[in-house]
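The structure under discussion appears below in the form of structure tokens.
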Amino acid sequence: MAIRKAGFKVGVIGCGLMGSGIAQTCAQSGYETVVREVNQELLDKGLARIYSAWEMMVNKGKITQGQADEHKARLHGTVRLEDLADCDIVIEAIIENMEEKLRLFPALDAILKPEALILSNTSSLNITQMGAVTKRPEQVCGLHFFNPAPVMKLVEIVKTLSTSEQTIETVREFAISLGKTPVLAKDTAGFIVNFLLIPYLLAAIRMLENGMASREDIDTAMKYGCGYPMGPLTLLDYVGLDTTLWAAEAIYEEYKEPLYAPPPLLRRMVNAGMLGRKSGKGFYDYS
Ligand code: CAA
Ligand code: NAD
């Protein structure tokens, strides 16, 4: 399948933190985009996030009001899965839960045209298994964006045991058309980035848990000592503690290496609803 922006339609499933950023990226790159949420309230919240990003870009002089209006006209929200039936590429960005993803993939497979590709934005889950519950496993792969999706340049293309070379080439071309730099990873838990990033984030939680330094000093140390844009605890709040916990569990499940085992504090915070920025409280307070 050749990528032609005109007439090419992208579907995004989930309009949370990542789905909204991915839908924004696709629409502002010139693709007709339809994004699906589970209910109108969550859809409106996700769309509002996208509209305010475009407003911010207009205010900064990065795009004109006319361009923002064009982006907006290309983006359609829905709560009906069937509204994605004529999409050429669908990117799944729902919660990091295998059961939910295994419910979604066959439902998508049943409504999409035969040549459409299904991509997962999962951080760590097994994409080969998601492909296996469809009748088109060779047209399923990972396209893993980084948060914030409109800004971060990297995407990981994840090849499952069944993904065809043709699918990988189409997805590579698509990623480049979004202004991203793709890398190719095998379908192993955490792929490249999270295999390396998650142990670092968990180690920062263990430091805090063990009273080795304050949250501010841990963050300041890594920001100014290593030149990272954010300290690890700020980044955890940014990514979401729930998503980090589920990703760590998935990688631990695969390798059983202690460095991937979620620290008790992370689990307790998620139990308490302290999910980071999205819930208003995490390692820091955002209310
Ligand atoms: N749309 C368009 N532009 C946006 C945007 C959006 N939604 N959000 C931010 N921007 C732009 C801003 O306009 C700004 O542009 P200019 O510099 O041209 O003015 C630029 O991005 C930087 O934003 P800010 O000025 O608001 O803030 P900042 O300089 O502190 O940068 C940051 C914010 C880009 C998030 C930076 O702190 C950063 O890179 N942090 C680390 C993020 C990171 O590591 N992400 C990966 C997480 S791991 C992951 O995602 C994988 C997983 O599976 C969990
Ligand atoms: P989130 O909780 O912000 O958003 C998930 C959204 O999916 C929710 O709004 C939920 O209502 C919606 N949803 C659930 N089931 C759905 C369905 N069947 N149809 C449509 N919408 C549905 O989570 P997030 O941080 O955006 O993570 C989404 C995915 O992206 C996860 O797989 C996660 O691992 C991955 N990811 C997250 C990050 C990050 O930094 N947070 C980075 C890269 C990848």
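Order of listing sets the numbers, starting from 1, for every ligand and every atom in it. This chain uses plain numbering: 1 for the first residue, then up along the sequence. Fair warning: this is a prediction, and the values are worked out from it, not measured in the lab.
- Only one option out of K180, K153, E156 pairs with F146 in a side chain to side chain contact (heavy atoms under 4.5 Å, CB included); it is E156.
- Interface of T122 with ligand 2, defined as ligand atoms under 4.0 Å from a residue heavy atom, comprises 32 (O).
- Counting heavy atoms under 4.0 Å from ligand 1, residue N194 touches it through the side chain alone.
- The aromatic rings of Y228 and Y200 sit perpendicular, their planes meeting at an angle over 60°, well past the 30° parallel limit.
- Protein heavy atom closest to atom 12 (C) of ligand 2, with residue, atom name and distance, is E37 OE2, 3.3 Å.
- Of all atoms in ligand 2, numbered sequentially from 1 with element shown, those under 4.0 Å from a heavy atom of I95 are 2 (O), 5 (C), 7 (O).
- Closest protein heavy atom to atom 54 (C) of ligand 1: V239 CG1, 3.6 Å.
- The shortest heavy-atom distance from K101 to ligand 2 is under 4.0 Å.
- The shortest N or O to N or O distance between E100 and ligand 2 is not below 3.5 Å.
- Annotation: D242 places no N or O atom under 3.5 Å from an N or O atom of ligand 2; distance criterion only.
- Ligand 2 has a nitrogen or oxygen under 3.5 angstrom from a nitrogen or oxygen of N121.
- Among all protein heavy atoms, the one lying closest to atom 11 (C) of ligand 1 is V151 CG2, 3.8 Å.
- Annotation for ligand 2: atoms under 4.0 Å from non-hydrogen atoms of I13 are 19 (N), 20 (C).
- Here the side chains of M130 and I118 are not in contact, with every heavy-atom distance at 4.5 Å or above.
- Nearest to atom 48 (S) of ligand 1 among the protein's heavy atoms is L197 CD2, 3.5 Å.
- The protein does not reach atom 27 (O) of ligand 1 closely, with no heavy atom under 4.0 angstrom from it.
- When heavy-atom distances to ligand 1 are checked against a 4.0 Å cut-off, V193 has no atom that comes that close, whether in backbone or side chain.
- Protein heavy atoms are found less than 4.0 angstrom from atom 3 (N) of ligand 1.
- Counting only non-hydrogen atoms, the option in H144, M57, K60, M56 that gets closest to atom 53 (O) of ligand 1 is H144.
- Shown are Q67, K72, H71; of these, the side chain to side chain contact (heavy atoms under 4.5 Å, CB included) with Q28 is made only by H71.
- A salt bridge links D88 and K113; the closest N-O separation between the charged side-chain nitrogens and carboxylate oxygens is under 4.0 Å.
- Annotation: atom 21 (N) of ligand 2 to nearest protein heavy atom, G14 CA, 3.4 Å.
- Residue contacts with ligand 2 for E41 are absent, since no atom lies close enough (heavy atoms, distance under 4.0 Å).
- Between K101 and E96 a salt bridge is recorded (basic side-chain N to carboxylate O distance below 4.0 Å).
- Protein heavy atom in closest approach to atom 2 (O) of ligand 2: K278 NZ, 3.4 Å.
- Heavy atoms of L235 found under 4.0 angstrom from ligand 1 belong exclusively to the side chain.
- With salt bridges taken as basic N to acidic carboxylate O contacts below 4.0 Å, none links D83 and R36.
- Counting non-hydrogen atoms of other residues, nucleotides and ligands closer than 6.0 Å to CD of E99 gives a total of 12 or fewer.
- Looking only at heavy atoms of the protein, atom 36 (N) of ligand 2 is closest to S123 OG, 3.2 Å.
- Ligand 2 lies nowhere less than 4.0 angstrom from a heavy atom belonging to F146.
- Between the side chains of T170 and T167, no donor-acceptor pair of N or O atoms lies under 3.5 Å.
- Heavy atoms of Y238 found under 4.0 angstrom from ligand 2: none, in either backbone or side chain.
- M18 and M98 fall into different hydrophobic clusters, where Ile, Leu, Val, Met, Phe, Trp and Tyr residues are linked whenever their side-chain heavy atoms come under 4.5 Å apart, directly or through other members.
- The closest approach between A247 and ligand 2 stays at or above 4.0 Å for every heavy atom of the residue.
- Under the 4.0 Å distance rule, the nearest protein heavy atom to atom 22 (C) of ligand 1 falls outside the cut-off.
- K62 NZ, 3.4 Å is the protein heavy atom nearest to atom 16 (P) of ligand 1.
- Looking at V239, I94, N97, it is I94 that brings a heavy atom closest to atom 31 (C) of ligand 2.
- Between H144 and ligand 2, no pair of N/O atoms sits closer than 3.5 Å.
- For atom 43 (C) of ligand 2, the closest non-hydrogen atom of the protein is F145 O, 3.1 Å.
- When heavy-atom distances to ligand 1 are checked against a 4.0 Å cut-off, Y228 has no atom that comes that close, whether in backbone or side chain.
- Taken together through direct or relayed side-chain contacts under 4.5 Å among Ile, Leu, Val, Met, Phe, Trp and Tyr, L202 and F283 form part of one hydrophobic cluster.
- Of all protein heavy atoms, the one lying nearest to atom 19 (N) of ligand 2 is R36 NH1, 3.0 Å.
- A salt bridge between R206 and E209 is absent, with no side-chain N of the basic residue lying under 4.0 Å from a carboxylate O of the acidic one.
- For ligand 2, the atoms lying closer than 4.0 Å to a non-hydrogen atom of N147 are 40 (O).
- The aromatic rings of Y284 and Y286 sit perpendicular, their planes meeting at an angle over 60°, well past the 30° parallel limit.
- Enclosure of atom CD in E100 by more than 12 non-hydrogen atoms of other residues, nucleotides or ligands within 6.0 angstrom is indicated.
- Polar contact check, T243 against ligand 1: no nitrogen or oxygen pair lies under 3.5 Å apart.
- At a heavy-atom distance under 4.0 Å, atoms from both the backbone and the side chain of N147 approach ligand 1.
- Of the protein's heavy atoms, at least one falls inside 4.0 Å of atom 40 (N) of ligand 1.
- Counting heavy-atom neighbours within 6.0 Å of K278 NZ, excluding the residue itself, gives a total above 12.
- Here the heavy atom of the protein found nearest to atom 42 (C) of ligand 2 is M18 SD, 3.5 Å.
- For a threshold of 3.5 Å applied to N or O pairs, the pair formed by L17 and ligand 2 contains at least one separation below that value.
- The local environment of CD in E41 is sparse, with at most 12 non-hydrogen atoms from other residues, nucleotides or ligands closer than 6.0 Å.
- Closer than 4.0 Å to atom 18 (O) of ligand 1 lies at least one heavy atom of the protein.
- Distance screen at 4.0 Å: atom 33 (C) of ligand 1 has no protein heavy-atom neighbour inside the cut-off.
- Atom 46 (C) of ligand 1 is flagged as protein-proximal [any protein heavy atom, distance under 4.0 Å].
- Taking a distance limit of 4.0 Å, we find that atom 50 (O) of ligand 1 is approached by some protein heavy atom.
- With hydrogens and angles left out, the side-chain atoms of D219 and T234 include a donor and acceptor closer than 3.5 Å.
- When hydrogens are left out, the protein atom nearest atom 4 (O) of ligand 2 is G16 CA, 3.4 Å; that is the closest non-hydrogen contact.
- Against a heavy-atom cut-off of under 4.0 Å, L42 is close to the following atoms of ligand 2: 11 (O).
- Looking at E92 and S120, their side chains do bring a donor and an acceptor atom within 3.5 Å of each other.
- Using cut-offs of 30° and 60° for the angle between ring planes, the Y260 and Y255 rings count as tilted.
- Residue E92 has no N or O atom closer than 3.5 Å to an N or O atom of ligand 2.
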